[in-house]
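Everything below concerns the one structure shown next.
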Amino acid sequence: MALVLTEEQSMLRDSARGLISDKAPVSHLRHLRDAKDPTGFSKELWHSFAEMGFAGLLVPEEFGGSGLGHVEAGVVMEEIGRTLMPSPFLATSVVAASALARGGNAAQKSEYLPKISNGSLLATLAIDEGAKHRPLQTSLQAVRAGNGFKLSGAKALVVDGHVADLLIVAARTAGAAGERDGLTLFLVNPKAKGVAIERTVMVDAHNAARIELANVEVNADSVLGEVDQGAALLDGVLDIGRGAVAAEMVGLSEEVFNRTVEYLKNRKQFGKLIGEFQALQHRAAELYVDIEITRAATMKALQALDADVAKAASSVAVAKARAGTTATRAVQEGVQMHGGMGMTDQFDIGFFMKRARVCEELFGDANYHTEQLARARGY
Amino acid sequence: MSETENAELETFRNETRAWLEANCPPEMRKPATSDADVFWGGRNTKFSSEPQRIWFERMRDKGWTVPDWPREYGGGGLSAAEHKVLRAEMAKMGARPPLSSFGIWMLGPALLKYGNDAQKKEHLPKIAAGEIRWCQGYSEPNAGSDLASLQTRAESDGDDFVITGSKIWTSYANYADWIFCLVRTDPAAKKHDGISFILFDMTSKGVTTKPILLISGYSPFCETFFDGVRVPKSHVVGTVNRGWDVAKYLLQHERAMISGMGERGVGRPLGQIAADSVGTDALGRLDDSMLRGKIATFDVDEAALAACAERAVDLAKAGQAHPAFSSAMKYYGTELNKRRYEILMSAGGVDALEWESERSRQGARPRAWLRTKANSIEGGTTEVMLGIVAKRILDLPGA
Ligand SMILES: Cc1cc2nc3c(=O)[nH]c(=O)nc-3n(C[C@H](O)[C@H](O)[C@H](O)COP(=O)(O)OP(=O)(O)OC[C@H]3O[C@@H](n4cnc5c(N)ncnc54)[C@H](O)[C@@H]3O)c2cc1C
């Protein structure tokens, strides 16, 4: 498949860009941060997202969605990355919607997916427990109790955790931390007894929460997918999330890069535009190459997800690893080339640096994915 | 070194160690983790703790806030070799510097070389005793890397200069008592030739400061405005219109200081900090092979740089250093410190992303991480440092 956007995909990008750049430039994030907004995103904008078919972008049409693919989700994520718009799109429309669509039974799908599509339900995956993303290390316990289970343990970096209407919790029903067998996904009502949710104010001013479950009772219908066999479902859902975050990082990188190149064309020192200095020219040129390579790798991964999620792991690892190093480099060069200006809060560049750091940790950093690739290749 | 010198130095080492053991409070033997842990001195200063006060006063009384300055200016009068011993002994026990200040790092050395007697007598003892806190008025909105293009004017009026203009990125200007400032005294001369280096009180009429918020969420620097500030001509250091020499000499000291920033070799090793949060494998190795490799490489580079920093000081004291070598050190030291914090962020993972919680000590780590991004900008950028190495050390054409 050609690694260029189709006409429909380009139109989708234009409409996403139109809405996002108009309604949610970086000043939107700045405002939410400074106002200490309790929701952390604009509900009004989320409604616009739903009206434009973005909220249910990955949801099959029979459940009220747009039935589009991961390349299209990536297109929207990339635009989100350009302005750092805080949005439930990643947690709800990409990760949770995929988990439900791929792992849900008929009843679960018809209960939740239409609500995701019309923007009335926010959902999120609760996976990480330690400092780093290590899905197989999941140790939140789910023990059988009567007709259902009791869940106990803690989760961190739950995106939108404090505003979600539905939690998808990865838990251990058998085996020990580190083992593939024995993982199960549960649908948990955040208002259920024993659920404690603490919003964590993050460096990037985007939503995240820590969640503690203490003997939370769920019934057997709350299992998403099969008991003990959740790893495969989780792999796919996480890869979908990784592809989307990689796309966000491509947008973020390119935006920082564009702003920096613009600065090189305007700032004068020593009677010259600083863009005339070859030391900076070469680094800008290198960064351009870096971003182009990462963009291609990310498109490849998103297409691989569209072709067959189960076979996309290596492409996704490449994309997420590249996106992490590229975005890190882009924001570092962005600050450095802006000199003192880049260090000020008043200037937007710092927001990109902060968001890049969180994106890097989300669903595994470059170190993690490089290691995954090495393992997949047998060394 | 002769045997007697060696023996004398050993005696000094033993005495110093014993004195430090007896006088450095245990609380002061841990690395500073926030700005409140650092004592900056000055008219309006307060000690953040009793141990901080005790440690400062004991060291001040010994002249060891500035160990190698002459005794007549409140220094310790130590030789280069003794100073090195003191530094090593302090590092060994993890003792904090009792006083941090731009006066010690930057202005003092410049005054010792270029100041007249009256200026040295007036200012050096107050720096040594932490009585006056200084700030640095170099950069302007249009004169950053190209510092010599600065536009702040100083016009002659009888015995005074009248100063008008503005500075930017002036660290701690809102807390400082005095400023050392670069001003243009001859607008007609070539840009390097019309600059003077002048000292004045920040409470002078016409001085105002406006804090600038950093990406770390703190405001350690300011815009600084001068509106007809009247300063006696006797406050010029060195010759009028020859201030660039003083400015450059001071920058060498600033750069040497910045290159040594970062808690080099003290505190818990990075790899162990990482292991605490990431975990270890069955062999006890950090359970993240890529991160482990990066940390090990960092450790190699850090140890090597420490040797180079030690050698740079020795070469300087032996009169064999290239005057531009501090630019090489500044470049490498700051890039290394940035790397250190990238590693710390990676090691901290999710926990290092929290910005406001009690648990994260109000986001101490991400804020410190963001602050390090300025290391390769402040005091002259990495690009400017490499340019200086290319031009002044390598003598490359056109550089
Ligand atoms: C935290 C912090 C504290 C500071 N404290 C003080 C202080 O107390 N007092 C003070 O006077 N100043 C202070 N500064 C200012 C600092 O010295 C300047 O920011 C620095 O010299 C760079 O100037 P600039 O910000 O104008 O960047 P610019 O000079 O505009 O540089 C922008 C970019 O262009 C690059 N560049 C410029 N010229 C060249 C060239 N010839 N070749 C290649 N690349 C080039 C730079 O390296 C940089 O990447 C501080 C800065 C920071 C960030």
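Owing to the predicted nature of the structure, the values given are computational and were not obtained by experimental measurement. Below, read A as the first sequence line, B as the second, and so on, with proteins coming before strands; counting in each chain starts at 1.
- Among the candidates B:Ala143, B:Ser376, B:Gly387, the residue making the largest number of heavy-atom pairs closer than 4.5 Å to chain A is B:Ser376.
- Ranked by heavy-atom pairs under 4.5 Å with chain A, the first of B:Arg359, B:Arg367, B:Lys191 is B:Arg359.
- Interface remark: A:Lys272 contributes no atoms to any contact with chain B (heavy atom separation under 4.5 Å).
- Taking CZ of B:Phe221 as the start and CE of A:Met343 as the end, the distance is 6.5 Å to the nearest 0.5 Å.
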Open item on the list: Assess the residue pair A:Val203 and B:Leu370 against the criterion (side-chain contact (heavy atoms from CB on, under 4.5 Å)); give the C-alpha distance rounded to whole Å, side-chain angles, the decisive distance to 0.1 Å, and a yes or no.
Closed with: CA-CA 10 Å; A:Val203 61; B:Leu370 289 163; 4.2 Å; yes

Task: Check against side-chain contact (heavy atoms from CB on, under 4.5 Å), A:Lys354 and B:Trp355 - done: CA-CA 11 Å; A:Lys354 294 168 179 178; B:Trp355 192 242; 4.2 Å; yes

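- There is a side-chain donor-acceptor pair under 3.5 Å between B:Lys294 and A:Asn367.
- Note that the CG atom of B:Leu291 and the NZ atom of A:Lys132 stand 6.5 Å from one another [nearest 0.5 Å].
- Across A:Leu362, A:Val358, A:Val335, A:Asp365, the residue that shares the most heavy-atom pairs under 4.5 angstrom with chain B is A:Val358.
- B:Ser289 and A:Glu371 are linked by a side-chain donor-acceptor pair at a separation below 3.5 angstrom, with hydrogens and angles left out of the test.
- Residues satisfying the salt bridge (charged side-chain N to carboxylate O under 4.0 Å, His left out) test with A:Arg355, not counting sequence neighbours, are A:Asp204, A:Glu248.
- Note that CD1 of B:Ile168 and OG1 of A:Thr344 are 8.5 Å apart. Values are rounded to the nearest 0.5 Å.
- Atom CG of B:Leu214 and atom CG of A:Asp345 lie 8.5 Å apart (nearest 0.5 Å).
- Sorted by first and then second residue, the pairs that involve residues 342-352 of chain B and meet side chain to side chain donor-acceptor pair (under 3.5 Å), not counting sequence neighbours, are A:Arg210-B:Asp351, A:Gln332-B:Glu342, B:Glu342-B:Trp369, B:Glu342-B:Lys373.
- Taken to the nearest 0.5 Å, the CD1 atom of B:Ile377 stands 11.5 Å off from the CE atom of A:Met341.
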TODO: Evaluate the side-chain contact (heavy atoms from CB on, under 4.5 Å) criterion for residues A:Arg199 and B:Glu356: first the C-alpha distance (whole Å), next the side-chain angles of each, then the deciding distance (0.1 Å), finally the verdict.
DONE: CA-CA 11 Å; A:Arg199 180 189 192 176; B:Glu356 285 187 349; over 6 Å; no

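- Here CZ of A:Phe347 is found 15.0 Å from CG of B:Leu213. Values are rounded to the nearest 0.5 Å.
- Shortest non-hydrogen contact noted between A:Gln336 and B:Glu383 is NE2-OE1, 2.9 Å.
- Closest of all the heavy-atom pairs between B:Glu354 and A:Thr200 is OE2-CG2, 3.5 Å.
- Comment: B:Asp288 engages A:Arg134 in a salt bridge, judged by a side-chain N to carboxylate O separation of less than 4.0 angstrom.
- No other option in B:Pro141, B:Ser145, B:Ser360, B:Ser219 has as many heavy-atom pairs under 4.5 Å with chain A as B:Ser145.
- Of the residues considered (A:Glu198, A:Gln137, A:His133), A:Glu198 shows the highest number of contacts with chain B, using heavy-atom pairs under 4.5 Å.
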